[in-house]
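One structure is given here, and the rest of the page talks about it.
Letters A, B, ... mirror the listed sequences (proteins, then strands); counts begin at 1.
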Amino acid sequence: MLKGRLFITIVTAVTVVALWVIFGRSAAIETVYPVENGRNWFYRSVVSPVKAVFHPMAVDAENRRLKAELEKNKINRTVVDNLLNEMVRLRKALNYPPSKDFTSWIASPVLGYGGAIGASGMMRVGKGSLDGVSVGSAVVVPDGIVGRVVEVTPHTAVVRLITSDSLRISCEVESNDPQFGKVRGVVYGGSMTKLFGDKSATVQYCVNPLVVRHLNRDISIPSRARIVTSGLGGVYPKGYLIGYLVDEVKKDETGLEREGMVIPSADLAALEDVFIHREK
Amino acid sequence: MRNKFVHIAFSVLSIVISAALQDMALPIFGIKPPVILAVTLFTIIKSVADERSQVNFRMVNFKWLFFALIAGAMTDAIGSLPSGCAVGFFLIVSIAVRITSRVLEEVSRVVTGWLALVVATPIFMTWIDVWGVSTYVSDSPFRALLAIVPAALTGFVVFPLMQWIEKAVGLDIKSQGVIS
């Protein structure tokens, strides 16, 4: 009798632990999601309509501007589609493998930064696996790269920001000078300590500088140069803006490469909506 | 029976709402207001008071353990912490609070909870750092002491508010005819 009860207790405990490991985290996040999303719902369904009632002229002007922009984008889209088709045909003719499709993006509201404890370099967004978001998807805004999805639940996703010390992005220095050639490097987040010594200068949730490393030591890159994604690795689309060089790149401590500080182009502290790449 | 069910539902709902509020909150000195911890401490101190009262007296009352586990699991999930990090801490704090709140029998629940929150929050930030999660505290262990500020402010708001809501819902001990 006692053995039977002990067996049942152990089986129950193991089942509960297994269920928690498989579904627990996701279930906890999904439980909180309706409350978090309530704020967005309230803003969209109550605040915005009330604002529109009190500012009808401004809403009308905004509508006209957006309609004009939409028409312009429709025309641009036709041009882009033709170019894409042409590119696909040419790649086929040259026996090149097809390039990754970066045309499908999902707009998603930002639910919160830093999780429940204020962990640096992460945020939660309100779109998940049910909307086609998957782990590893690129997250961007029109101003630049934001980060990468690291955890997904049915309705939410956790995004690791580019300022996080665990994220690396292959990059290029953009230049219109043909003599300049192609200069590639790697952008690191959260690397202020090694480059600038004093970590106390870091201010969380403000624009944290990134560091670009492994640049060719023979090329002196001017300040304000645009740092864009190289497209290597296939996570981020090629040529997408990461940020700008703050100052001229300097030789690193080994003297074999150059490195410099980069300010992210996207205002990571003030994002309300982001775009997540949907894998087809 | 009904009262017990309402109490559990009220506590679980409080923890869920506090988790959402903490996730959405902006940090003070890089540390988010510890709303989940505050609500959990309030619930645990209430369970001690319940045990002392005549109405809800039980020889063994494990409701506090259930709330501590739920709150810890919620913090782990929402904070993207390693599984067991917050659960472990919340269990230790719950046991510590249960022991000390019996000692601090004469002090009010609000004051006991506020003190526990102010002490527990810096320790929790250090605990998280030990588990290898990068937070504002990672820069210097002394920064954990700054957690006292958001903890104190949170305590000022959460404990009186919870007591007021509890009274409004009819779950406080006095409304059940027993003066703690």
Side-chain angles (χ1 to χ4, degrees), chain A residues 16-17 19-40 109-124 126 150-151 153 156-161 163-167 189-190 192-193 198-206 269-270, chain B residues 12-37 69-87 89-90 121 124-129 131-140 142-144 146-147 150:
Chain A
V16 167
V17 170
L19 283 173
W20 171 253
V21 170
I22 299 166
F23 303 112
R25 288 180 85 88
S26 185
I29 293 169
E30 285 296 309
T31 311
V32 177
Y33 168 72
V35 185
E36 285 184 320
N37 198 43
R39 181 183 57 170
N40 291 321
V110 174
L111 297 178
Y113 283 89
I117 49 130
S120 49
M122 64 159 283
M123 70 178 184
R124 189 184 312 284
V150 291
E151 198 179 328
T153 68
T156 70
V158 175
V159 177
R160 182 81 56 207
L161 300 176
T163 47
S164 164
D165 52 7
S166 60
L167 211 69
M192 289 184 76
T193 319
D198 185 15
K199 211 173 181 178
S200 65
T202 310
V203 183
Q204 235 183 349
Y205 305 106
C206 289
Chain B
V12 171
L13 187 68
S14 306
I15 290 168
V16 170
I17 292 172
S18 66
L21 287 175
Q22 187 164 324
D23 194 24
M24 290 187 293
L26 288 174
I28 303 165
F29 295 128
I31 296 155
K32 293 224 177 178
V35 191
I36 307 175
L37 189 57
L69 283 172
I70 292 231
M74 207 66 102
T75 310
D76 275 343
I78 304 287
S80 292
L81 296 171
S83 290
C85 173
V87 169
F89 182 80
F90 276 51
T121 309
F124 184 44
M125 295 314 291
T126 314
W127 172 277
I128 290 169
D129 196 43
W131 279 66
V133 179
S134 173
T135 62
Y136 193 64
V137 177
S138 309
D139 298 351
S140 153
F142 295 107
R143 293 208 177 186
L146 286 175

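With chain A as partner, the option from B:Gly79, B:Ala86, B:Ser83 having the largest number of non-hydrogen pairs under 4.5 angstrom is B:Gly79. Note on B:Met74, B:Met24, B:Gln22: by heavy-atom pairs under 4.5 Å with chain A, the leading option is B:Met24.
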Please determine whether side chain to side chain contact (heavy atoms under 4.5 Å, CB included) holds for the pair B:Thr75 and B:Phe90, giving the CA-CA distance in whole Å, both sets of side-chain angles, and the decisive distance to 0.1 Å.
CA-CA 10 Å; B:Thr75 310; B:Phe90 276 51; 3.7 Å; yes

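In this structure, the side-chain contact (heavy atoms from CB on, under 4.5 Å) partners of A:Thr153, at least two apart in sequence or on a different chain, are A:Ser26, A:Ile29, A:Glu30, A:Thr156. In this structure, B:Asp76 has no salt bridge (charged side-chain N to carboxylate O under 4.0 Å, His left out) partners at least two apart in sequence or on a different chain.
B:Leu21 does not touch chain A: none of its heavy atoms, backbone or side chain, sits under 4.5 Å away.
Contacts between residues 33-40 of chain A and chain B, counted as heavy-atom pairs separated by less than 4.5 Å, involve A:Val35, A:Glu36, A:Arg39.
Listed by first then second residue, pairs satisfying salt bridge (charged side-chain N to carboxylate O under 4.0 Å, His left out) with a partner in residues 15-26 of chain B read A:Arg124-B:Asp23, not counting sequence neighbours.
In this structure a side-chain-to-backbone donor-acceptor pair under 3.5 Å is missing from B:Lys32 to B:Pro150.
With rounding to the nearest 0.5 Å, the separation of CE in A:Met122 from OG in A:Ser166 is 11.0 Å.
Pairing each heavy atom of A:Ala28 with each of B:Ile78, the nearest pair is O-CD1, 4.5 Å.
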